[in-house]
There are 2 protein chains.
Amino acid sequence: MPKTSHKGSDFDCVTCIMRKHSDWRVLATDEVDLLARGQTRYSYQSGESIYSMGQVGNGVHCMCAGTVAIRRLDAEGNSVLLHLAYPGDTLGYESVLTGEPHRCSAEALGPAKVCHIDARTVKQLLDANPNLGLQFLRRTAASLDAAQDKLVHHATLSNRAKLAHLLLVLMDRYGRETVDGANTMHLPVSRRDLASMIGARHETVSRIISRLENEGIAFFSGRSVRVPHIDALLEEIRPQLVG
Amino acid sequence: MPKTSHKGSDFDCVTCIMRKHSDWRVLATDEVDLLARGQTRYSYQSGESIYSMGQVGNGVHCMCAGTVAIRRLDAEGNSVLLHLAYPGDTLGYESVLTGEPHRCSAEALGPAKVCHIDARTVKQLLDANPNLGLQFLRRTAASLDAAQDKLVHHATLSNRAKLAHLLLVLMDRYGRETVDGANTMHLPVSRRDLASMIGARHETVSRIISRLENEGIAFFSGRSVRVPHIDALLEEIRPQLVG
DNA sequence: GCGGCGCATTGACGATTGTCAAATTTTATC
DNA sequence: GATAAAATTTGACAATCGTCAATGCGCCGC
């Protein structure tokens, strides 16, 4: 499925609109120039791989547009979607810092624009501006916090509650409210990926979806989802607080 | 339950045997002196809190001896044991870096010796030596990697396999081999904590333990565990590879 | 347009799990 | 050491979940 990515040169970090929202915002002007010299922009089609588990990273990837899935595969070939990355996110810096191979793969979930920054440039910037390392540290700590939150959810919520929570999170980014007060969105991922995100089989997700539809809470058609009353999904997360 | 911790002054980071195994190993000699001036050693009894969720950290904690449980509580009061920390580990630096309250609590699981390093000193050291920030970054990235591995396990393994895996990990640190080739250990945590670590109810863990005993795989008595053939536990992790 | 192929849905069924409850053991406190 | 509190174990039962299997749907390449 993956086609070759397209390398473009009509772009520059100096003028990148996402830079102020990324880790690179701590750089000074001359450091941004250095960043721009080590940078190459790539366009990816849906399904294309940005990097793969097991490879050693030769640079970091800075997202300008699109959605990228961060996955990990276990020994039996099960794919688990761990994280969705968005414009402003920097990907793959762990491997550059440690020299270890990537522990996850990154795959475009739609047309995406991602800049590659050469490892040498990254190291020069880390040397030149200690704030960049601290910024990466803050970002990584936030990711760790998010991962731990997921662990808590996996340990305490039912699959149904986890799916409801995931739908709310996705609705927050992909959803829009219609005139009748309902919320709709186009799912960025397949049912299988939804299942791996909540730690269940895809058949189980299908059944939960069926029940949600029967109960009038959410309606699915392909990848489009309609939630008439968003509060009904919120109810699913809170365990029964008998009153 | 928690008694007050004991503040001791008969100790110095300069001579600390764990320093070479901790993040502070990147410091130069004069920086270690600065570290030692900002440091206070505390002794904690089993069950005592080192810091709590919601508090803003006024420094970082460096473990010299013992075992510390990193927990998170959800809105309903469920406690999830996310991580066990050991000598050489540095705890609570996220809060110091971000100014945000601690997202987890840290509790001694037995007699523990933990040094507190004042936030001001930490910031001075981060300013003085950029390698310290990069070291924290590597450490945090490793923690993130471990958390993601747990997420994959939660998504793909049965509770029984997760418990077997956890026992193997604990055996690696707490176990010793007896003359007859069996492995034994003293569990550092309660059944409830074991359950929260694998994302199951404590009743479920009790039942899995009963089955493991009936099948001759592992024998539990209080907190002591005896595993006659460690390979039998390993078999539990690998899904059925029909041959 | 057609055939394939992967994804999605649904049914059936057994296994596992969560919940509630009670009995028992261990641990903590005085 | 006695009592209280907490942790653990076990049973019963309903609900959920995973697996296997069959079918339908949609997309893509030819």
Side-chain angles (χ1 to χ4, degrees), chain A residues 1-3 45-48 69 76-79 81 109-110 153-164 186-215 218-225 236 239-242, chain B residues 1-3 45-48 69 76-79 81 109-110 153-164 186-215 218-225 236 239-242:
Chain A
M1 248 129 281
K3 314 295 175 60
Q45 301 300 313
S46 186
E48 279 190 283
E76 285 75 37
N78 302 304
S79 157
L81 209 171
L109 288 182
H153 282 163
H154 280 226
T156 58
L157 296 183
S158 67
N159 281 341
R160 177 168 168 143
K162 281 185 278 185
L163 180 61
H186 184 82
L187 286 174
V189 296
S190 67
R191 299 280 197 278
R192 287 185 122 84
D193 280 336
L194 279 184
S196 82
M197 291 173 91
I198 67 170
R201 305 288 127 172
H202 59 101
E203 297 100 323
T204 299
V205 168
S206 263
R207 292 196 173 91
I208 296 174
I209 287 176
S210 294
R211 267 188 289 163
L212 289 177
E213 290 186 328
N214 288 335
E215 298 170 24
F219 299 93
F220 294 71
S221 174
R223 287 201 174 182
S224 42
V225 186
E236 295 294 327
Q240 56 296 340
L241 299 175
V242 269
Chain B
M1 252 129 283
K3 312 294 175 59
Q45 299 301 313
S46 185
E48 279 192 283
E76 285 76 38
N78 302 304
S79 158
L81 209 171
L109 288 182
H153 281 165
H154 280 230
T156 59
L157 296 183
S158 67
N159 281 341
R160 176 168 168 142
K162 280 185 279 185
L163 181 61
H186 184 83
L187 286 173
V189 297
S190 68
R191 300 279 198 278
R192 287 185 121 85
D193 279 335
L194 279 184
S196 83
M197 291 172 91
I198 67 171
R201 304 288 125 171
H202 60 100
E203 296 99 324
T204 299
V205 168
S206 263
R207 291 196 175 92
I208 296 174
I209 286 177
S210 294
R211 268 187 288 163
L212 290 178
E213 290 187 329
N214 288 335
E215 298 171 24
F219 299 92
F220 293 69
S221 172
R223 288 201 174 182
S224 41
V225 186
E236 294 295 326
Q240 55 298 339
L241 299 176
V242 267

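Just so it is clear: chains get the letters A, B, ... in the order the sequence lines come, proteins before strands, and each one is counted from 1.
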Closest of D:dT10, D:dG18, C:dT10 to the B:Ser206 side chain is D:dT10
Against the side chain of A:Arg192, the closest entry in D:dT10, C:dT17, C:dC7 is C:dC7
Let's go through A:Ser206 and A:Arg201 carefully: what are the C-alpha distance in whole Å and the side-chain angles of both, what is the deciding distance for side-chain contact (heavy atoms from CB on, under 4.5 Å) to 0.1 Å, and is it a yes or a no?
CA-CA 9 Å; A:Ser206 263; A:Arg201 305 288 127 172; over 6 Å; no
Would you please test B:Arg160 and B:Leu212 for side-chain contact (heavy atoms from CB on, under 4.5 Å) and show each step? CA-CA 9 Å; B:Arg160 176 168 168 142; B:Leu212 290 178; 3.9 Å; yes
Taken to the nearest whole Å, CG/B:Leu163 to P/C:dT16 is 14 Å
Here the distance between atom C1' of C:dT9 and atom CG of A:Leu194, to the nearest Å, is 15 Å
Atom CZ of A:Arg160 and atom P of D:dA15 are separated, to the nearest Å, by 14 Å
Once you apply a heavy-atom cut-off of 4.0 Å, does B:Ser158 come out as touching a base, just sugar-phosphate, or nothing? nothing
message = Is B:Arg207 close enough to C:dA15 that one of its side-chain N or O atoms is under 4.0 Å from OP1 or OP2 there?
response = no
Query - Criterion side-chain contact (heavy atoms from CB on, under 4.5 Å) on A:Asn159 and A:Leu163, from CA distance to verdict - result: CA-CA 6 Å; A:Asn159 281 341; A:Leu163 180 61; over 6 Å; no
Quick note, B:Asn159 side chain, CB onward, closest among C:dT9, C:dT19, C:dT17 is C:dT17
Heavy-atom nearest pair, A:Ala164 first then A:Glu236, reads CB-CB, 3.6 Å
query: Can you check whether B:Thr204 has a side-chain N or O nearer than 4.0 Å to OP1 or OP2 of C:dT17?
result: no
Point to revise | Below 4.0 Å: OP1/OP2 of D:dT10 and any side-chain N or O of B:Ser210 | key: yes
Testing D:dT8, D:dC17, D:dT9 for proximity to the side chain of B:Ser190, the answer is D:dT8
Rounded to whole Å, the CD-P distance (A:Glu203 to C:dT9) equals 11 Å
From CZ of B:Arg201 across to C1' of D:dT8 the rounded distance in Å is 16 Å
To the nearest angstrom, the NE2-P distance between B:His154 and C:dT17 comes to 13 Å
Interatomic distance, CD@A:Glu215 vs OG@A:Ser210, rounded to 0.5 Å, equals 11.0 Å
B:Gln45 CD to C:dT29 C1', in whole Å, measures 16 Å
_Does B:Arg223 reach a base, just sugar-phosphate, or nothing at all? Heavy atoms under 4.0 Å._
nothing
In whole angstroms, the gap separating C1' of D:dT19 from CD of A:Glu76 amounts to 16 Å
Against the side chain of A:His202, the closest entry in C:dT19, D:dC17, C:dT9 is C:dT9
